[in-house]
There are 2 protein chains.
Amino acid sequence: MVQHYQGQFDSSFGALSDATRRGVLEQLAREDASITALAARFQMTLTGMKKHVGVLEQAGLVTTEKVGRVRTCKLGVRGLDEEAAWIERYRQLWSARFDGLDAVVEELKRKERKARSTNEK
Amino acid sequence: MVQHYQGQFDSSFGALSDATRRGVLEQLAREDASITALAARFQMTLTGMKKHVGVLEQAGLVTTEKVGRVRTCKLGVRGLDEEAAWIERYRQLWSARFDGLDAVVEELKRKERKARSTNEK
DNA sequence: CCTATACTGAACCACATGGTTCAGCATTAT
DNA sequence: ATAATGCTGAACCATGTGGTTCAGTATAGG
């Protein structure tokens, strides 16, 4: 078994990379649901849905509890705060990079205006 | 070939679900880099790194250009704005749910029903 | 007790992923 | 002209993914 340690972001972003799972999260944000209910809503087998829920559970985004024969799925305690923070930080770097290009363009324009006015003398 | 249509979020969150690729994005936010440079920095073969860059490129997060024998990788025009927005919306739903502010959930449901019915015609 | 319901687990499938090696090919440097 | 550099593509490998079916087990209801 190679069993690379799966980072938190690996599993949470991985969980989000599937439309069904994003749908399940949105659904659970509205109300708790059983595996059966989710399976019906997303048109797949119980077994298939259970796997998706398992992935979300692994990522800490969902918790489940079985009472009687029904397993109820709820949103997990963990939100997506750290993921949001990562993306936000990246977006800052990204825009700095692009604004940086703009700054260079501005700089070139400035120089050109200066050069032109110098030549015009 | 089944070739399911890959949604934008599927590929962008998928791209983010790997530590190496997140690292490459952070690196490129600092400066453009060749495949060789990235491969060296993340200790893997050229071929391996090229695949990662390919995934990022598919997701629209990176663009590359080959000049002579060097392929230079830069951040793509597309940032992570829509991904940030999705997460932000989810976080609102999540905290509403946890704060027990069911009224907020109801409000969002109402808005969405409205938006959906508007989109549907 | 009997049946329907809800889930669970194993096994299977096709295809994706994250890596590798090896054999090129084009470009640059000597 | 030769050699080194940088990338590329094909093939391979182990494991993961997103689904299925089928055969159970446990619980609820009549």
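Chain identifiers are assigned alphabetically (A, B, ...) following the order of the sequence lines, protein sequences preceding nucleic acid strands; residue numbering begins at 1 within each chain. Any value given below was found using the heavy atoms of this structure, including those in side chains, with hydrogens, waters and symmetry copies removed.
OP1 or OP2 of dT17(C) has not a single side-chain nitrogen or oxygen of His52(B) nearer than 4.0 Å.
Counting only residues at least two apart or in different chains, ring pair (Phe, Tyr, Trp, His ring centres under 6.0 Å) contacts with residues 30-85 of chain A are absent. Judged as a side-chain hydrogen bond (donor to acceptor under 3.5 Å, both in side chains), the pairs with a partner in residues 60-71 of chain B (not counting sequence neighbours) are, in order, Glu57(B)-Thr64(B), Thr64(B)-Arg71(B). Sorted by first and then second residue, the pairs that involve residues 13-22 of chain B and meet salt bridge (charged side-chain N to carboxylate O under 4.0 Å, His left out), not counting sequence neighbours, are Asp10(A)-Arg22(B).
When the C1' atom of dT8(C) is taken as reference, atom NZ of Lys50(A) falls 5 Å away, rounded to whole Å. Put simply, CD on Glu57(B) is 14 Å from C1' on dT8(D), counting in whole angstrom units. Between Asp10(B) atom CG and dA16(C) atom P the separation is 13 Å, expressed in whole Å. One interatomic measurement links the two molecules: CZ of Arg71(B) to P of dT28(C), which rounds to 14 Å at whole-angstrom precision. Between the CD1 atom of Ile35(A) and the P atom of dG9(C) there is a distance of 11 Å, rounded to whole Å.
One distance of note links CG of Leu56(B) with OG of Ser11(B); it measures 10.5 Å at 0.5 Å rounding.
Cluster membership check: Val55(A) does not share its hydrophobic cluster with Val53(A), using side-chain heavy-atom separations under 4.5 Å among Ile, Leu, Val, Met, Phe, Trp and Tyr.
When every heavy atom of Leu16(B) is checked against every heavy atom of Phe13(A), the shortest pair comes out as O-CD1, 3.5 Å.
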Quiz item: Taking protein heavy atoms under 4.0 Å as touching, what does nucleotides 20-30 of chain D look like 5' to 3' if B marks base contact, S marks sugar-phosphate-only contact and - marks none?
Solution: BBB----BS--
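Side chain of Arg97(B) to backbone of Leu28(A): a donor-acceptor contact under 3.5 angstrom is found.
If you check residues 15-24 of chain A against DNA chain C, you find no residue with a heavy atom closer than 4.0 Å.
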Got a list of side-chain donor-acceptor pairs under 3.5 Å for residues 72-86 of chain A, not counting sequence neighbours?
| residue | atom | partner | partner atom | Å |
| --- | --- | --- | --- | --- |
| Arg78(A) | NE | Ala59(A) | O | 3.3 |
| Arg78(A) | NH1 | Glu83(A) | OE1 | 3.4 |
| Arg78(A) | NH1 | Glu83(A) | OE2 | 3.4 |
| Arg78(A) | NH2 | Glu83(A) | OE2 | 2.9 |
| Asp81(A) | OD1 | Arg91(B) | NH1 | 3.0 |
| Glu82(A) | OE1 | Gln8(A) | NE2 | 3.2 |
| Glu83(A) | OE2 | Ser12(A) | OG | 2.7 |
| Trp86(A) | NE1 | Glu26(B) | OE2 | 3.2 |

